[in-house]
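The structure appears right after this line, and notes come after that.
Chain letters run A, B, ... following the sequence lines, proteins first, then strands; residues in each count from 1.
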Number of protein chains: 2
Amino acid sequence: MNKVDRLTVDRRGERFKSAAAAAGVRLTHQRLEIFREVASSVEHPDAEAVLRSVRKRMPTLAIDTVYRTLWMLNDLGLITTLGPRRDSVRFDANLDRHHHYVCVRCGLTRDFESAELGVLRVPDAVASLGRVVETNVEVRGVCRRCAATEDKTVKRKKAR
Amino acid sequence: MNKVDRLTVDRRGERFKSAAAAAGVRLTHQRLEIFREVASSVEHPDAEAVLRSVRKRMPTLAIDTVYRTLWMLNDLGLITTLGPRRDSVRFDANLDRHHHYVCVRCGLTRDFESAELGVLRVPDAVASLGRVVETNVEVRGVCRRCAATEDKTVKRKKAR
DNA sequence: CTGACTGCAAACCCTTTGCAGACCG
DNA sequence: CGGTCTGCAAAGGGTTTGCAGTCAG
């Protein structure tokens with residue numbers, strides 16, 4: 001229950017190898033181990049968690065290599081980051097039921113309301129995870145301003 | 001379009017005053033200004049943005065006061081933080097369409113799938129914000145493990 | 001008046017960067 | 001073998017904390 005099934009991991013692994021080849025990226029020992037770790041975890045680990053886990057097999061691994069590798073995998077489109085892009089914590093004084101539009105490029109976030117989305121039924125399986133307080137929709141996209149500068153190289157200056 | 005309407009701000013302000021009174025918290029000049037700022041903004045500002053804005057009226061305000069106040073408002077239930085609670089960036093190797101269950105207490109995050117939630121129609125207003133890449137549901141709740149220790153004081157050790 | 005709150009400065013912690021040696025292809 | 005990648009160490013940047021003076025009630 002803590003691990004992704006073998007088949008899925010293998011499929012992801014293959015995808016990594018071909019993507020790496022296509023991108024002309026070297027397949028190092030550490031990269032494979034790091035990828036294997038994220039690909040087989042269901043916990044959405046952060047860099048520190050990946051480090052702890054992989055270090056059991058590879059004790060010399062450094063945290064900065066983990067970061068570099070994870071962002072590389074992200075750039076190759078093999079993994080994503082969770083939730084809106086965040087340089088810092090952001091606050092929300094709107095306590096009414098609402099949803100969010102989030103620009104994956106710059107982090108711009110806006111509320112929107114929708115009667116139609118007011119009645120979201122979540123699968124029963126969710127109940128086994130814990131109590132549900134609220135459910136809302138996150139629409140991810142590219143905002144107008146960012147779309148206007150789309151041609152520019154995608155830059156992640158500091159995506160913490 | 002950049003500001004919340006007057007009526008809403010006033011309503012929120014009243015809520016703050018009564019909540020503060022109920023919680024036995026002092027209504028200082030800086031707290032009022034900080035609250036007014038988040039309550040009237042539609043941008044989901046981070047601490048730095050709040051500081052910049054309030055400093056125009058109150059130049060001596062310090063960043064740590066902003067943080068203390070924002071977390072206090074959060075504890076009083078008057079504002080929330082955006083997206084999953086984050087101590088660090090978390091990665092996701094599941095590229096299939098899926099949704100998230102997020103524990104607002106500890107940050108635990110799990111995927112779930114749902115055919116029913118596969119067809120979410122967002123209001124037309126969203127289109128004016130930008131292009132839509134993907135939409136998914138975020139279910140916020142309290143996970144089993146946290147629910148088990150519910151009685152303990154809610155502690156936010158380092159909720160960046 | 002007095003305890004809660006603020007501002008200041010320094011500590012903290014996650015993340016990134018510069019560099020020299022190591023290793024893939 | 002050459003250029004890419006790793007590990008190390010140190011810098012960077014957002015957030016928190018200890019402390020002494022200040023202010024709300």
Please state how far atom [atom1] in [X] lies from atom [atom2] in [N], giving the value in whole angstrom units.
| X | N | atom1 | atom2 | value |
| --- | --- | --- | --- | --- |
| B/D75 | C/dA4 | CG | P | 17 Å |
| B/H29 | C/dG7 | NE2 | P | 11 Å |
| B/F91 | C/dC14 | CZ | C1' | 12 Å |
| B/L70 | C/dC5 | CG | C1' | 15 Å |
| A/E48 | C/dT16 | CD | C1' | 14 Å |
| B/L61 | D/dC23 | CG | C1' | 15 Å |
| A/K17 | C/dG25 | NZ | P | 12 Å |
| B/D46 | D/dG13 | CG | C1' | 12 Å |

Practice problem: Give a yes/no answer on whether the side chain of B/T28 brings an N or O atom under 4.0 Å of OP1 or OP2 in C/dC5. | Solution: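 For C/dC5, neither OP1 nor OP2 has a side-chain N or O of B/T28 closer than 4.0 Å.
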Quiz item: Do the side-chain N or O atoms of B/Q30 get closer than 4.0 angstrom to the phosphate oxygens (OP1, OP2) of C/dG7?
Solution: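 Indeed, a polar side-chain atom of B/Q30 lies that close.
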Exercise. Please figure out whether B/D64 or B/R31 has its closest DNA chain C nucleotide nearer the 5' end.
Key: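 Final value for this comparison: B/R31.
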Exercise. Find the distance between OG1 (A/T81) and CG (A/L73) and round it off to the nearest 0.5 Å.
Key: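 Rounded to the nearest 0.5 Å, the OG1-CG separation comes out at 12.5 Å.
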Is it true that [X] and [Y] make a salt bridge, defined as a side-chain N closer than 4.0 Å to a carboxylate O?
| X | Y | result |
| --- | --- | --- |
| B/E116 | A/R121 | yes |
| A/E43 | B/R90 | no |
| A/R140 | A/E138 | yes |

Self-check item: Nearest listed nucleotide, side chain of B/R26, among D/dT6, C/dG7, C/dA4
Solution: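 Among the listed nucleotides, the one closest to the side chain of B/R26 is C/dA4.
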Quiz item: Base, sugar-phosphate alone, or nothing: which one does B/L27 contact when heavy atoms must sit under 4.0 Å apart?
Solution: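 Here B/L27 touches the backbone only, sparing every base.
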